[in-house]
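Numbers for residues simply follow the sequence, beginning at 1. For clarity, every value in this text was computed on a predicted model and none was experimentally measured.
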Amino acid sequence: MIKIMMHGCCGHMGQVISELIEKDPEAQIVAGVDIADRGNTSYPVYTDLSACQEEIDVVIDFSSAKAVDALLDYCGERKLPVVLCTTGLSEEQLAKVEETAKKTAVLKSANMSLGINTLLKLIQEAAKVLAAAGFDMEIVERHHRLKLDAPSGTALALADSLNEAMGNEYNYVFDRSQKREMRSDKEIGISAVRGGTIVGDHEIIFAGPDEVIEFKHTAYSKAVFGKGAVEAAKFLAGKPEGKYDMADVIEAK
């Protein structure tokens with residue numbers, strides 16, 4: 001039985017993950033940490049991270065960027081593996097992630113979905129065949145109207161995956177409205193749509209002469225990210241220090 005601390009346990013994703021783990025015979029949340037105990041958990045909740053003394057195998061973090069520094073210090077000091085799902089980290093915090101990974105296992109990924117991370121591998125294989133044959137590559141991402149950043153981090157991760165497969169020879173184009181010229185051969189177009197309550201939709205288009213091939217991932221709820229985080233925690237528990245990502249989880253399956 002893997003013993004988990006849920007960091008950010010009272011928030012939406014903390015509750016999603018708590019419900020998933022309640023049904024998982026291989027894992028158990030033994031403690032939670034949040035800014036306040038809302039009384040919506042079945043395990044002890046600490047508002048002070050340092051007060052948590054339970055025996056823990058791995059931490060799942062879905063909190064806020066301002067809470068990450070203290071968590072990294074806590075996990076580094078205790079050699080405690082951590083699945084870091086919080087986004088929007090500063091350059092200084094990303095550097096701290098790298099330093100913490102020298103002391104304990106840290107898993108960080110742009111997207112925790114098992115489907116997206118499988119897709120990252122699939123489109124690389126497609127690019128090696130199709131882009132090499134002259135197909136143009138475009139990415140269209142759609143999210144809810146409240147999302148602040150554009151393009152999404154996942155769209156950029158998809159573009160990076162395509163670019164890596166092609167030797168990083170491509171540049172990214174986010175806006176075609178300011179110039180009137182034909183598309184270049186070495187570009188990846190990235191378009192963002194915002195509206196309604198779309199959880200997350202990413203489409204990768206390979207457009208060639210007389211044929212189009214499309215890869216698409218649609219998230220219908222945030223539970224897909226929770227499921228990925230739980231699988232990542234199971235993978236990371238007991239691992240030696242180092243930096244890991246969801247590609248390692250996929251590879252281990």
Side-chain angles (χ1 to χ4, degrees), residues 65 84-95 97-98 108-220 224-225 228 243-251:
L84 196 61
C85 304
T86 296
T87 58
L89 302 186
S90 67
E91 291 299 322
E92 292 79 7
Q93 288 177 311
L94 292 174
V97 170
E98 298 294 332
K108 186 179 183 304
S109 185
N111 188 301
M112 297 306 296
S113 159
L114 292 172
I116 282 288
N117 284 279
T118 302
L119 184 61
L120 287 168
K121 295 180 64 177
L122 293 174
I123 62 173
Q124 283 199 325
E125 296 305 310
K128 291 173 185 176
V129 175
L130 300 174
F135 281 61
D136 296 320
M137 297 185 289
E138 294 278 323
I139 296 170
V140 180
E141 58 98 341
R142 304 172 182 88
H143 283 86
H144 53 87
R145 68 190 310 274
L146 300 178
K147 186 171 177 61
L148 301 179
D149 58 317
S152 68
T154 299
L156 292 172
L158 290 164
D160 289 344
S161 188
L162 293 171
N163 206 6
E164 180 183 340
M166 302 309 296
N168 293 309
E169 296 179 353
Y170 283 67
N171 63 292
Y172 303 160
V173 175
F174 304 102
D175 180 13
R176 302 187 190 281
S177 68
Q178 302 303 310
K179 57 183 180 181
R180 291 179 60 83
E181 59 186 49
M182 66 174 288
R183 188 188 198 283
S184 72
D185 293 334
K186 298 292 186 180
E187 70 179 52
I188 299 172
I190 306 175
S191 303
V193 176
R194 295 290 175 268
T197 58
I198 302 169
V199 174
D201 191 296
H202 293 85
E203 187 175 6
I204 303 92
I205 303 166
F206 292 90
D210 304 315
E211 60 179 334
V212 174
I213 298 170
E214 299 178 1
F215 291 80
K216 185 176 181 180
H217 177 273
T218 300
Y220 292 103
V224 298
F225 311 122
K243 185 83 178 295
Y244 300 84
D245 59 27
M246 288 299 290
D248 298 307
V249 180
I250 298 292
E251 191 68 29

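- Under the ring pair (Phe, Tyr, Trp, His ring centres under 6.0 Å) criterion, Tyr244 pairs with Phe235, not counting sequence neighbours.
- Contacts of Glu251 classified as side chain to side chain donor-acceptor pair (under 3.5 Å), with partners at least two apart in sequence or in another chain: Lys121.
- In this view, Asn168 satisfies the side chain to side chain donor-acceptor pair (under 3.5 Å) rule with no residue, not counting sequence neighbours.
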Would you list the atom pairs, donor with acceptor, under 3.5 Å between side chains in residues 124-133 and any protein atom, with sequence neighbours excluded?
residue : atom : partner : partner atom : Å
Gln124  : NE2  : Ser161  : O            : 3.0
Gln124  : NE2  : Ser161  : OG           : 3.4

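- The salt bridge (Lys or Arg N to Asp or Glu O under 4.0 Å) test applied to Arg176 returns Glu138, Glu187, not counting sequence neighbours.
- Across all non-hydrogen atoms, the minimal contact from Ser109 to Asn117 is OG-OD1, 3.5 Å.
- Annotation for Asn111 and Met246: closest pair O-CG, 3.8 Å, computed over non-hydrogen atoms.
- Each salt bridge (Lys or Arg N to Asp or Glu O under 4.0 Å) pair with one or both residues in residues 150-167, not counting sequence neighbours, would appear here, but there are none.
- Residues meeting the side-chain contact (heavy atoms from CB on, under 4.5 Å) test with Leu122, sequence neighbours left out: Thr118, Phe215.
- Of the possible polar contacts, one joining the Asn163 side chain to the Glu169 backbone as a donor-acceptor pair under 3.5 Å is found.
- Among residue pairs with one or both ends in residues 170-193, none qualify as ring-ring contact (aromatic ring centres under 6.0 Å, His included); sequence neighbours excluded.
- Checking side-chain atoms of Asp248 against main-chain N and O of Asp245 turns up a donor-acceptor pair under 3.5 Å.
- Listed here is the closest heavy atom pair of Ile190 and Pro151: CG2-CB, 3.7 Å.
- Nearest heavy-atom pair across Leu120 and Ala157 is CD2-O, 3.6 Å.
- Evaluation of the salt bridge (Lys or Arg N to Asp or Glu O under 4.0 Å) test over residues 147-158, restricted to residues two or more places apart or in two chains, returns Lys147-Asp149.
- Remark: Ala95 pairs with no residue by the side-chain contact (heavy atoms from CB on, under 4.5 Å) rule, at least two apart or across chains.
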Show me the donor-acceptor pairs, under 3.5 Å and distance only, between side chains in residues 201-209 and residues at least two apart or in other chains.
residue : atom : partner : partner atom : Å
Asp201  : OD1  : Arg142  : NH1          : 3.0
Asp201  : OD2  : Thr218  : OG1          : 3.1
His202  : NE2  : Ser152  : OG           : 2.9
Glu203  : OE1  : Arg142  : NH2          : 3.3

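- The ring-ring contact (aromatic ring centres under 6.0 Å, His included) analysis of residues 144-167, with sequence neighbours excluded, yields no pairs.
- Residues Ala65 and Thr87 approach most closely at CB-O, 4.2 Å, considering heavy atoms.
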